[in-house]
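Quantities reported herein were computed from a predicted structural model and do not represent experimental measurements. Computed from heavy atoms alone, side chains included, the values below leave out hydrogens, waters and symmetry copies.
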Amino acid sequence: MNSPFKNNIDQRTIHKSFTFMQRQFLFLLILFMGAFTSVFSQDDKKKEIGTEVVNVVKPYTPSVSDAFKVKQLPVLNDSVTTVKKQIKYSIFSVPVASTFIPAKAKPNQVKKAKKEVLYNTYASLGLGNFSTALVDFYTSRTFNRNETLDLYLNHHSSQGGIDGVQLDDAFFNTRLEGNYRKKSRYLNWGVDAGFQHQIYNWYGIPVQPGFDESVLNNIDESQTYYTAFASAQLSTPDSFFKEGSVLLRHFWDGADSGETRAYFTPTLEIPISGELITTQFTVDYVTGAFERNFSGTGEIDYNSLLLGVSPSLVVLRDDLTVNLGASIFYSVDQDNNTFFIYPNVTASYRLVDEFVIAYGGIEGKPVQNSYYDFVQQNPFVSPTLNITPTDQQYNSYVGVKGKFQSNIGYNLRGSYIAENNKPLFRTNSVNAIASPNEGYAYGNSFDVVYDDVKTISVFGELTIDINRDFSLGVNAEVFEFTTDEEDEAWNLPTLTGSLFADYQISEKWFAGASIFYVGEREDIFVPDPGTTPVVPDSERLTLDSFFDINAHLGYRFDNQLSAFLRLNNIAGNEYARWATFPVQGFQILAGVTYKFDL
């Protein structure tokens, strides 16, 4: 028979209903069976119980429907309920007159510096006490971006006037120079040529008995120097021939002395096994003659040829740079021919970027001495010198340099130098009898003597850029000399130092200052026996240390015209740079500079 339950009845509802009905049906079935058992007991025994077939039309497939949560609002059980007060808002408008008009937005622009107008020519003229005159002239012609011609003229002279000087102490120095440069993709070259005219006086007469007015009036203390030179430079960036230079110079004086020097240094750069080997060749020749020696017994001739080759290899490894090299020279002169081998090794290592850089090296080279170089160091030498090269065996040094801060730099170095035949300036003796007509024969000139000298020095330098407009620097060096034959390293100071400062005060004003210090030096006056007056004994001279304080001030009227004021030897100390040769005291020089296009 069919099931009395429907398929869509909830399973839980069906289960509950079925359990209740089952209990009632069981109770009624027991009552019914008890009431009719006796009536049908006899008949039932005669009848047989049959079977019925129940067909299930559809299988029972229960399903679960969604459960719905009863939504209830919370009930507030507080005994006191606050009622919100209703607030009403209103705006009280007052009319205000306004003339504000918003400006349109504009981008900020960086202020550009005023473009400076450049001129190709300037001329400067200055005049000062001691009848001092200063002239500077420079002009540059640019034919195109790779071709230029420059001309330069400088003149500096003074009519003298040093207190206590008995002879003429005027000087004159004029130099004219021109250079031409041309650059191209594969070749850069240039030539230089110039002429220099110098006049100096041997005015440093020592205080000696017998130098009366008549003797002084007969002394011709003037000396004149002339220099003519030409040089050329050549470089090829993309060739094994890296660069080269050549110099030809002729130097002569008013005492019929003359000297010629030729200098040639080509440099080759050859790659070997992935490294560049740089090799410099040197050909240095000097020849000259003096009309007479100091004793007046004959002339002096000299010549010297230096041939050298200096290969080197640069090794770069991160912060380490090493230059490994050596120099081999062959020296040819009138007396002998000699081979020299010198080390050429340098290295630097960055310990802390640019703040701490350690460096050191050991180098050596021959130095070709010349009459011209001696005159530039000491214009009061006599034209009776012995000229020979110096053998600088080695110059070893070690130091550290870098920056304490971005604007404070330092350099500290110690060195040891060994030199054979090092030239030393020493005062000449009086030789008025042998050379009565020569203005240098009265103990008022200098000779050059040679000795083997070893030098220990310590150098320190500090530079400070306080800002873009003010910079300051100071340095000092201490020396200790050891000589072989001479008693002292004549005229070499044991301490030197300098201080310099530059200050751009404003756009118009600029100023600067410098202070130089030179320590004590030793010299010796060696008399010549048989001279008149007779000086029996050698006299040791000690030259006092000195400070030389200088300053300058300038003002720019416009981009073309400016004025300057220079103050030299402000302390007014007429110190002796060389024995018996005092310098001018306080010097003042004023002038103007004008720029223009020519």
Side-chain angles (χ1 to χ4, degrees), residues 240-247 261-287 302-317 320-349 358-370 373 386-399 413-424 448-457 479-486 489:
F240 70 93
F241 180 85
K242 185 177 180 181
E243 60 185 5
S245 62
V246 59
L247 169 68
R261 186 175 185 181
Y263 186 79
F264 178 51
T265 56
T267 302
L268 306 181
E269 195 173 66
I270 303 174
I272 298 178
S273 300
E275 301 288 348
L276 289 177
I277 305 297
T278 302
T279 304
Q280 183 182 68
F281 297 89
T282 301
V283 179
D284 190 353
Y285 178 70
V286 61
T287 181
Y302 62 92
N303 60 73
S304 174
L305 173 64
L306 294 176
L307 302 174
V309 56
S310 303
S312 63
L313 169 65
V314 178
V315 179
L316 301 175
R317 295 294 184 272
L320 177 65
T321 302
V322 179
N323 182 16
L324 303 175
S327 298
I328 302 174
F329 277 86
Y330 181 61
S331 175
V332 181
D333 57 27
Q334 292 176 327
D335 298 330
N336 51 37
N337 303 335
T338 311
F339 270 105
F340 298 97
I341 300 178
Y342 301 98
N344 185 13
V345 179
T346 62
S348 65
Y349 182 71
Y359 65 95
I362 177 169
E363 302 174 272
K365 62 181 179 180
V367 179
Q368 186 75 286
N369 295 313
S370 66
D373 293 332
N386 292 314
I387 308 296
T388 186
T390 296
D391 174 20
Q392 187 180 96
Q393 293 179 311
Y394 54 86
N395 177 8
S396 57
Y397 57 90
V398 62
R413 181 183 70 245
S415 63
Y416 179 76
I417 305 174
E419 296 171 288
N420 294 334
N421 291 330
K422 180 179 177 63
L424 303 172
V448 173
V449 295
Y450 298 88
D451 196 9
D452 297 342
V453 180
K454 293 179 174 57
T455 306
I456 299 175
S457 66
F479 301 91
E480 181 180 347
F481 303 101
T482 302
T483 57
D484 185 22
E485 297 181 358
E486 300 293 328

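- The shortest side-chain heavy-atom distance between Leu268 and Phe241 falls under the 4.5 Å cut-off.
- Counted by atom type alone, Tyr342 and Gln392 present zero donor-acceptor pairs between their side chains at under 3.5 Å.
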So Lys365 and Asp391, salt bridge (Lys or Arg N to Asp or Glu O under 4.0 Å) or not? Walk me through it. CA-CA 7 Å; Lys365 62 181 179 180; Asp391 174 20; over 6 Å; no

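- Residues meeting the salt bridge (Lys or Arg N to Asp or Glu O under 4.0 Å) test with Glu486, sequence neighbours left out: Arg426.
- Contact between Ser415 and Ser457 at its shortest, heavy atoms only, is OG-OG, 2.6 Å.
- There is no side-chain donor-acceptor pair under 3.5 Å between Asn369 and Thr388.
- For the atom pair OG (Ser312) and CD (Gln280), the distance works out to 8.5 Å, reported to the nearest 0.5 Å.
- Thr265 and Ser245 form a side-chain donor-acceptor contact under 3.5 Å, judged by distance and modelled atom types alone.
- In this structure, Pro423 and Thr390 have side chains that are in contact, with non-hydrogen atoms separated by less than 4.5 Å.
- Residues Asn303 and Tyr285 are in side-chain contact: their nearest non-hydrogen atoms beyond the backbone lie under 4.5 Å apart.
- Considering every non-hydrogen atom in both Gln368 and Asp373, the closest pair reads O-OD2, 4.0 Å.
- Interatomic distance, Leu276 CG to Leu316 CG, rounded to the nearest 0.5 Å: 10.0 Å.
- Taken to the nearest 0.5 Å, the CG atom of Asp284 stands 9.0 Å off from the CG atom of Leu247.
- Checking Val309, Leu307, Thr282 one by one against Phe329, the side chain to side chain contact (heavy atoms under 4.5 Å, CB included) holds for a single residue, Thr282.
- Taking a 6.0 Å sphere around CD1 of Ile272, one finds it holds more than 12 heavy atoms contributed by other residues, nucleotides or ligands.
- To the nearest 0.5 Å, the span separating CG on Asn395 from CD1 on Ile417 amounts to 4.0 Å.
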Would Lys454 and Tyr416 count as a side chain to side chain contact (heavy atoms under 4.5 Å, CB included) if you check the C-alpha gap in whole Å, the side-chain angles of each, and the deciding distance to 0.1 Å? CA-CA 7 Å; Lys454 293 179 174 57; Tyr416 179 76; 3.0 Å; yes

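- Closest of all the heavy-atom pairs between Ser370 and Arg261 is OG-NH1, 4.1 Å.
- Not counting sequence neighbours, the partners of Tyr302 by the ring pair (Phe, Tyr, Trp, His ring centres under 6.0 Å) test are Phe290.
- Minimum interatomic distance between Asn421 and Asp452 (heavy atoms only, all atoms of both residues): N-OD1, 3.2 Å.
- Between the side chain of Asp451 and the main chain of Glu485, a donor-acceptor pair closer than 3.5 Å is present.
- When all heavy atoms of Ala489 and Leu424 are compared, the pair lying nearest together is CA-CD1, 4.1 Å.
- Atom CD in Glu269 sits 9.5 Å away from atom CD1 in Ile277 (nearest 0.5 Å).
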Working for side chain to side chain contact (heavy atoms under 4.5 Å, CB included), residues Tyr397 and Tyr359: CA-CA 8 Å; Tyr397 57 90; Tyr359 65 95; 4.0 Å; yes

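- Under the 3.5 Å distance criterion, with hydrogens and angles disregarded, no donor-acceptor pair is assigned to the side chains of Thr338 and Ser331.
- Of the inter-residue distances, the one linking Ser327 atom OG with Ile341 atom CD1 reads 10.5 Å to the nearest 0.5 angstrom.
- In terms of the ring pair (Phe, Tyr, Trp, His ring centres under 6.0 Å) criterion, residue partners of Tyr330 (sequence neighbours excluded) are, by chain and number, Phe339.
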